[in-house]
Amino acid sequence: MKLVKLNLTENEYANMYSQAVENGYASVPDYLRYLLFNAQPDVVVNYDELLKQFAKAVSQKKDTKEFKVRDCFEQNVWKNIDISARRNLGRMIMHKVEKDNWLSIVPTKKDSGNAQWYKRGDK
């Protein structure tokens, strides 16, 4: 396998990552492979579906109690999501929250396991 290096400015990378997330890709390399070769990632994760499940769970929350991403999924569903896909999902959610003010949730803190906590409320 050959390695190709592409240098992007911070702004270019941020724009490319935004496009990747909007198109259901968790990483810039996966998105570029798709754009250049119409290639799908080796491990196919339906991030759009996971984001919809997350959004549905958040919309059903009636309080302002803090929560983690995993709290918005059934335990058996969460356990079946690969650890790298969980991390990617977390980054995608944080990106959408910070960029698009998604779901009227705000990040509050990170715990000792580096999990991001959120709460419903005004930005």
Side-chain angles (χ1 to χ4, degrees):
M1 183 182 298
K2 299 289 183 184
L3 177 66
V4 175
K5 184 175 178 182
L6 174 64
N7 292 322
L8 300 172
T9 66
E10 291 292 324
N11 194 35
E12 289 170 335
Y13 185 85
N15 288 336
M16 182 60 64
Y17 185 70
S18 290
Q19 289 178 32
V21 169
E22 289 169 13
N23 286 285
Y25 289 87
S27 71
V28 170
D30 284 345
Y31 185 56
L32 288 174
R33 270 189 216 94
Y34 165 73
L35 291 175
L36 293 170
F37 309 111
N38 200 26
Q40 298 298 320
D42 292 336
V43 178
V44 178
V45 176
N46 189 340
Y47 289 106
D48 285 336
E49 183 58 35
L50 293 174
L51 290 168
K52 285 178 189 172
Q53 288 179 31
F54 177 79
K56 182 178 178 183
V58 169
S59 70
Q60 292 174 346
K61 291 187 176 298
K62 302 299 182 206
D63 57 24
T64 58
K65 202 166 101 177
E66 290 181 309
F67 61 92
K68 296 185 279 189
V69 172
R70 78 172 181 195
D71 298 334
C72 295
F73 292 89
E74 293 178 17
Q75 187 175 8
N76 64 329
V77 171
W78 186 251
K79 283 198 283 189
N80 287 322
I81 302 171
D82 179 76
I83 187 71
S84 63
R86 290 183 203 169
R87 289 184 188 120
N88 288 337
L89 179 63
R91 283 190 287 273
M92 292 172 83
I93 289 169
M94 178 58 97
H95 177 78
K96 290 174 80 59
V97 167
E98 289 178 336
K99 183 177 183 289
D100 301 330
N101 296 326
W102 190 52
L103 299 176
S104 296
I105 59 176
V106 292
T108 57
K109 65 184 178 189
K110 284 199 169 194
D111 63 21
S112 60
N114 204 31
Q116 180 66 56
W117 287 75
Y118 296 92
K119 72 175 186 173
R120 289 181 54 100
D122 295 327
K123 300 240 178 225

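What you see is a predicted model, and the numbers here were worked out from it, not measured in a lab.
Between Lys99 and Val21, the closest side-chain pair of non-hydrogen atoms is not below 4.5 Å. Using a 4.5 Å heavy-atom threshold, the side chains of Arg91 and Ser27 count as separate. Two residues are said to be in side-chain contact when any heavy atoms from C-beta on lie closer than 4.5 Å; Val45 and Leu89 fail this criterion. The shortest side-chain heavy-atom distance between Val97 and Val106 does not fall under the 4.5 Å cut-off. Considering only heavy atoms from C-beta on, Tyr118 comes within 4.5 Å of Met94 through its side chain.
For the residue pair Thr9 / Asn11, no side-chain donor-acceptor distance below 3.5 Å is found, with atom types taken as modelled.
Within the model, atoms CG of Asn88 and CD1 of Ile83 stand 10.5 Å from one another, a figure rounded to the nearest 0.5 Å. Once rounded to the nearest 0.5 Å, the distance linking NZ of Lys96 with OG of Ser18 reads 9.5 Å. Here the NZ atom belonging to Lys119 is positioned 11.0 Å from the CZ atom belonging to Phe67, to the nearest 0.5 angstrom. The line from CD of Glu22 to CG of Asp48 is 11.0 Å long, rounded to the nearest 0.5 Å.
Salt bridge annotation for Arg33-Asp30: present, with a cationic side-chain nitrogen under 4.0 angstrom from a carboxylate oxygen.
At least one donor-acceptor pair under 3.5 Å links the side chain of Asp71 to the backbone N or O of Lys68. Under the 3.5 Å distance criterion, the side-chain polar atoms of Asp82 are matched with a main-chain donor or acceptor of Ser84. Between the side chain of Asn114 and the backbone N or O of Lys110, no donor-acceptor pair lies under 3.5 Å.
Taking hydrophobic clusters as Ile, Leu, Val, Met, Phe, Trp and Tyr residues chained together by side-chain heavy-atom distances below 4.5 Å, Leu6 shares a cluster with Val28. Trp117 and Val69 are not part of a single hydrophobic cluster, where members link through side-chain heavy atoms under 4.5 Å apart. Linking Ile, Leu, Val, Met, Phe, Trp and Tyr whenever their side-chain heavy atoms come within less than 4.5 Å leaves Leu8 and Leu36 in two separate clusters.
The two atoms that bring Tyr47 and Gly24 nearest to each other are CD1-O, 3.8 Å, heavy atoms only. Considering all non-hydrogen atoms of both residues, Gln116 and Pro107 come closest at NE2-CB, 3.3 Å. The nearest pair of heavy atoms linking Arg120 to Val58 is NH1-O, 2.9 Å. Taking both residues in full, the closest heavy atoms of Met92 and Tyr17 are given as N-OH, 3.8 Å, listed atom of the first, atom of the second, then distance. Gln53 approaches Val77 most closely through the heavy-atom pair OE1-CG1, 4.0 Å. When all heavy atoms of Cys72 and Ala57 are compared, the pair lying nearest together is O-CB, 3.3 Å.
Within 6.0 Å of CD on Glu10 lie no more than 12 heavy atoms contributed by other residues, nucleotides or ligands. Counting non-hydrogen atoms of other residues, nucleotides and ligands closer than 6.0 Å to CD of Gln60 gives a total above 12. For Arg86, the CZ atom sits in a packed shell: over 12 heavy atoms of surrounding residues, nucleotides or ligands are nearer than 6.0 Å. Within a 6.0 Å radius of NZ in Lys109, other residues, nucleotides and ligands contribute more than 12 heavy atoms.
Residues passing the ring-ring contact (aromatic ring centres under 6.0 Å, His included) test with Phe54 are Trp102, sequence neighbours excluded.
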